[in-house]
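Encoded as structure tokens, the structure appears first; notes follow it.
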Amino acid sequence: MRWLPGPHRRTFTVLWRIIDFIEIRIKEHQENLDPSSPRDYIDSFLIEMGENQDKDAGFDLKNVCFCALDLFLAGTETATTTLHWGLLYMIYYPDIQERVQAEIDAVIGSSRQPSVSDRENLPYTNAVIHEIQRMGNVIPLNVFHKTNRDTTLDKYNIPKGTIIMPTLNSVLHDESMWETPHTFNPQHFLDQDGKFRKREAFLPFSAGQRVCPGEQLARMELFLFFTSLLQRFSFSPAAGEQPSLEFQMGGTRSAKPYRLCAALR
Ligand code: HEM
């Protein structure tokens, strides 16, 4: 790939810059490590590794670097892209934005920051965030898997070594599971009394043994960023510009670049 001209070459340059950054951080962690008080993931990894690196067991310095890189790559693009979708849906559906703001005003007010414990008291906001994830559908094809033994699923025999794409797109828009599968509709996640209701087909983080390990963190991030933004600002399209819900495909399924106005409330 290094010899082929094209934009992908910038990817490698940027990637190496991130790797250099992580390596510096690992050195800093090693210099002032206190095994009795791990501060974060890197500390915990270094403590588990001990003095002797065991490459076969996955405990060596190269692997702590690539595991940290993994968390950065998997954790930043996905959550950011979801928030991009979130603000886009809010300028597309101003009445829904207003309802979210009214709920935030009533439950949290404007003088303190939202906290995760507010989530259960904000069923409408929570439903909107779930619907943003469902319609945002940021990893539509999921991550590829491979059968490690002959497998029978329903009436299908899948031989060992078959590559599987357990698509999330089909589940998130399944016509037998959602009342209005192709329309942004927070009611999908609300019962008749306006209480939040979980849905079996809500699987943006996939399922099973390889389910996204960052799910809980991502859900906290989405809630805190989304509510904090709407608590402080009202969002509207840039003057004379019509928001579009068209997507573009890259590492994730993301909204086409758009501009918005953020007015302090
Ligand atoms: C809205 C945010 C996110 C979405 C929609 C999302 C979704 C997913 C999906 C669909 C997978 C594939 C699961 C499978 O193979 O079946 C995955 C894997 C993964 N995610 Fe997330 N994710 C998000 C945020 C995060 C965050 C915040 C982190 C960590 C800081 C993270 C770390 C990972 C890692 C390390 C994997 C690979 C796990 C493995 O291969 O076993 N993700 N994620």
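Counting starts at 1 for both ligands and their atoms, following the listed order. Since the model is a prediction, treat every value here as computed from it, not as a measurement. Heavy atoms only: backbone and side chains are in, while hydrogens, waters and symmetry mates are out.
Using a 4.0 Å cut-off between a side-chain N of Lys or Arg and a carboxylate O of Asp or Glu, Arg112 and Asp118 qualify as a salt bridge. Looking at Asp43 and Arg39, a side-chain N of the basic residue comes within less than 4.0 Å of a carboxylate O on the acidic one, giving a salt bridge.
Of all atoms in ligand 1, numbered sequentially from 1 with element shown, those under 4.0 Å from a heavy atom of Leu217 are 30 (C). Near Gln133, meaning under 4.0 Å from any of its heavy atoms, are these atoms of ligand 1: 1 (C). Taking every non-hydrogen atom of Val143 and a distance limit under 4.0 Å, the qualifying atoms of ligand 1 come out as 12 (C), 15 (O). Against a heavy-atom cut-off of under 4.0 Å, Leu168 is close to the following atoms of ligand 1: 10 (C).
At a heavy-atom distance under 4.0 Å, no atom of Glu215 approaches ligand 1.
Looking from atom 13 (C) of ligand 1 to the surrounding protein, the closest heavy atom is Arg210 O, 3.1 Å. Of the protein's non-hydrogen atoms, the one nearest atom 9 (C) of ligand 1 is Ile139 CD1, 3.9 Å. Among all protein heavy atoms, the one lying closest to atom 6 (C) of ligand 1 is Phe205 CD2, 3.6 Å. Here the protein heavy atom with the shortest distance to atom 5 (C) of ligand 1 is Pro204 O, 3.6 Å. Residue, atom and distance of the protein heavy atom nearest to atom 18 (C) of ligand 1 are Cys212 CA, 3.9 Å. For atom 16 (O) of ligand 1, the closest heavy atom belonging to the protein is Ser206 OG, 2.6 Å. Looking from atom 24 (C) of ligand 1 to the surrounding protein, the closest heavy atom is Thr78 OG1, 3.4 Å. Nearest to atom 27 (C) of ligand 1 among the protein's heavy atoms is Gly75 CA, 3.6 Å.
For atom 36 (C) of ligand 1, the nearest non-hydrogen atom from the set Pro166, Pro213, Gly214 comes from Pro213.
Ring pair His130/Phe196: centre-to-centre distance below 6.0 Å.
Contact annotation: the side chain of Leu61 approaches that of Gln53 to within less than 4.5 Å [non-hydrogen atoms, C-beta and beyond].
Distance alone, capped at 3.5 Å, places no donor-acceptor pair between the Arg199 side chain and the Trp178 backbone.
Checked by distance only, ligand 1 and Thr82 stay at 3.5 Å or farther apart across all their nitrogen or oxygen atoms. In terms of N/O distances under 3.5 Å, ligand 1 is approached by His145.
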Chi angles and distances behind the side-chain contact (heavy atoms from CB on, under 4.5 Å) call for Leu73, Glu77: CA-CA 7 Å; Leu73 296 183; Glu77 165 99 13; over 6 Å; no
Derivation of the side-chain contact (heavy atoms from CB on, under 4.5 Å) call for Asn169 and Leu141: CA-CA 7 Å; Asn169 181 58; Leu141 303 182; 5.6 Å; no
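Ring geometry for Phe184 against Tyr93 counts as parallel: the plane angle stays under 30°, on a 0 to 90° scale with 60° as the upper cut. Ring geometry for Phe202 against Phe189 counts as perpendicular: the plane angle is over 60°, on a 0 to 90° scale with 30° as the lower cut.
Shown are Arg232, Arg99, Arg265; of these, the salt bridge (Lys or Arg N to Asp or Glu O under 4.0 Å) with Asp105 is made only by Arg265.
Distance check, rounded to the nearest 0.5 Å: CG of Asn121 to CZ of Arg119 gives 11.5 Å.
The closest approach between Asp70 and ligand 1 stays at or above 4.0 Å for every heavy atom of the residue.
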